[in-house]
Amino acid sequence: MSLPRTKLVKKEKAAEGTMLFQFEKPEGFTYTAGQFADYTLLEPSETDAEANTRGFTLASAPYEPNLMCTTRMRDTAFKRVLKNMPLGTDVELDAPYGSFTLHSKLDRPAVFLTGGIENHACAQHHLAIGP
């Protein structure tokens, strides 16, 4: 069985050295806040020892129309290709994975302590359940 493909629909600078990428959400694709996806570049113009697949937290809330990931732009072949690929380019999507999710006891407070790029995972939980 082949994996679904998705198209890059938006890319922008999120902060110094950090970019945000949005991809079309495939028909019927569902996930829970806190999960991640593996994205594979198809026939990239360059590659390195780390190969053509990377996992990124799904930084969009599950109800949003696109899948979003945010990443620090280290100098790797994968990230150079991702940064420079034209909008509309297909990538392969293998997801969802992971369970960085809230407990189900709504009467019990939950606290997330994070730093750096993973702060968006906590924001995603807030978006998923509302204020």
Side-chain angles (χ1 to χ4, degrees):
M1 183 174 125
S2 64
L3 295 171
R5 291 186 177 189
T6 182
K7 291 187 184 313
L8 178 65
V9 294
K10 184 176 182 179
K11 57 184 176 177
E12 63 185 83
K13 180 178 176 179
E16 188 63 39
T18 304
M19 287 193 67
L20 177 147
F21 299 92
Q22 288 191 35
F23 297 88
E24 289 180 346
K25 186 188 295 184
E27 179 96 18
F29 182 81
T30 61
Y31 65 99
T32 302
Q35 292 189 298
F36 73 94
D38 282 340
Y39 297 87
T40 300
L41 302 175
L42 304 171
E43 301 178 28
S45 58
E46 63 175 310
T47 191
D48 57 24
E50 295 183 52
N52 300 327
T53 301
R54 296 291 188 286
F56 297 111
T57 300
L58 291 161
S60 47
Y63 61 80
E64 292 181 297
N66 292 323
L67 303 176
M68 181 174 64
C69 66
T70 306
T71 185
R72 278 186 246 155
M73 297 305 293
R74 294 184 304 117
D75 189 29
T76 66
F78 183 96
K79 290 186 179 181
R80 285 190 299 271
V81 170
L82 184 62
K83 179 181 179 179
N84 294 315
M85 78 170 46
L87 297 181
T89 301
D90 282 340
V91 298
E92 193 173 73
L93 177 70
D94 188 8
Y97 292 107
S99 60
F100 182 57
T101 58
L102 290 170
H103 57 71
S104 60
K105 297 177 182 168
L106 298 178
D107 60 335
R108 189 171 132 214
V111 176
F112 284 114
L113 298 176
T114 67
I117 193 73
E118 289 305 321
N119 285 334
H120 66 268
C122 291
Q124 180 198 72
H125 281 287
H126 179 71
L127 289 170
I129 61 173

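Reckoned from all heavy atoms, side chains included, excluding hydrogens, waters and symmetry mates. In this text, all values refer to a predicted model and were calculated from it rather than measured experimentally.
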With a 4.5 Å cut-off on side-chain heavy atoms, are [Y] and [X] touching?
X   : Y   : answer
P26 : L67 : yes
S60 : Y31 : yes
T6  : V91 : yes
L41 : M85 : yes
L82 : M19 : no
E64 : Q22 : no

Item checked: Hydrophobic cluster of L106, others only, ordered by chain and residue number, side-chain cut-off 4.5 Å ->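 Joined to L106, directly or through intermediates: none.
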
When hydrophobic residues are tied together by side-chain contacts of less than 4.5 Å, even through go-betweens, does [X] share a cluster with [Y]?
X   : Y   : result
F29 : F23 : yes
L87 : L42 : no
V81 : L93 : yes

Notebook entry, point to check: Looking at T40, T71, T76, which hits side chain to side chain contact (heavy atoms under 4.5 Å, CB included) with R54?
Noted result: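 That would be T76; it is the only one of T40, T71, T76 passing the side chain to side chain contact (heavy atoms under 4.5 Å, CB included) with R54.
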
Next item on the list: Determine whether more than 12 heavy atoms belonging to other residues, nucleotides or ligands lie under 6.0 Å from atom CZ of R80.
Entry: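 For R80, atom CZ is crowded (more than 12 foreign heavy atoms under 6.0 Å).
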
Item checked: Crowding at CD, E16 (>12 non-hydrogen neighbours, <6.0 Å) ->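 Open.
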
Next item on the list: Mind checking the CG-CD spacing from N52 to E46? Nearest 0.5 Å is all I need.
Entry: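 So the CG of N52 and the CD of E46 are separated by 10.0 Å.
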
Next item on the list: Give, for atom NZ of K13 and atom CE of M73, the distance between the pair rounded to the nearest 0.5 Å.
Entry: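 Between atom NZ of K13 and atom CE of M73 there are 12.0 Å.
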
Checklist line | Pairs touching residues 65-92 that satisfy ring-ring contact (aromatic ring centres under 6.0 Å, His included), sequence neighbours left out | finding: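 As it turns out, there is no ring-ring contact (aromatic ring centres under 6.0 Å, His included) pair with a partner in residues 65-92 once direct neighbours are skipped.
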
Item checked: Qualifying ring-ring contact (aromatic ring centres under 6.0 Å, His included) pairs with a residue from residues 2-22, counting only residues at least two apart or across chains ->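 Listed by first then second residue: nothing to list.
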
Note to self: On a heavy-atom basis, which atom in A33 and which in P62 lie closest, and how many Å separate them?
What the structure shows: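 So the two residues come closest at N-CG, 3.7 Å.
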
Margin query: Minimum heavy-atom separation for P96 and T30, please, with both atom names.
Written below: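 Distance-wise, the nearest heavy atoms are CG-O, 3.6 Å.
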
Next item on the list: Tell me yes or no: between the side chains of T53 and D38, is some donor less than 3.5 Å from an acceptor?
Entry: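 Note: T53 and D38 side chains miss the donor-acceptor criterion.
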
Check: Considering residues at least two apart in sequence or located in another chain, which fulfil the side chain to side chain contact (heavy atoms under 4.5 Å, CB included) criterion with E43?
Finding: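 For E43, no residue satisfies side chain to side chain contact (heavy atoms under 4.5 Å, CB included) once neighbours in sequence are set aside.
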
Notebook entry, point to check: For the side chain of K79 and the backbone of R72, is there at least one donor-acceptor N/O pair under 3.5 Å apart?
Noted result: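 At least one qualifying donor-acceptor pair exists.
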
Check: Going by the salt bridge (charged side-chain N to carboxylate O under 4.0 Å, His left out) test, which pairs reach into residues 83-97, not counting sequence neighbours?
Finding: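 Non-adjacent pairs meeting salt bridge (charged side-chain N to carboxylate O under 4.0 Å, His left out): K7-D90.
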
Note to self: Does anything in residues 19-35 form a salt bridge (charged side-chain N to carboxylate O under 4.0 Å, His left out)? List the pairs, not counting sequence neighbours.
What the structure shows: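 Salt bridge (charged side-chain N to carboxylate O under 4.0 Å, His left out) check on residues 19-35 returns no pairs.
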
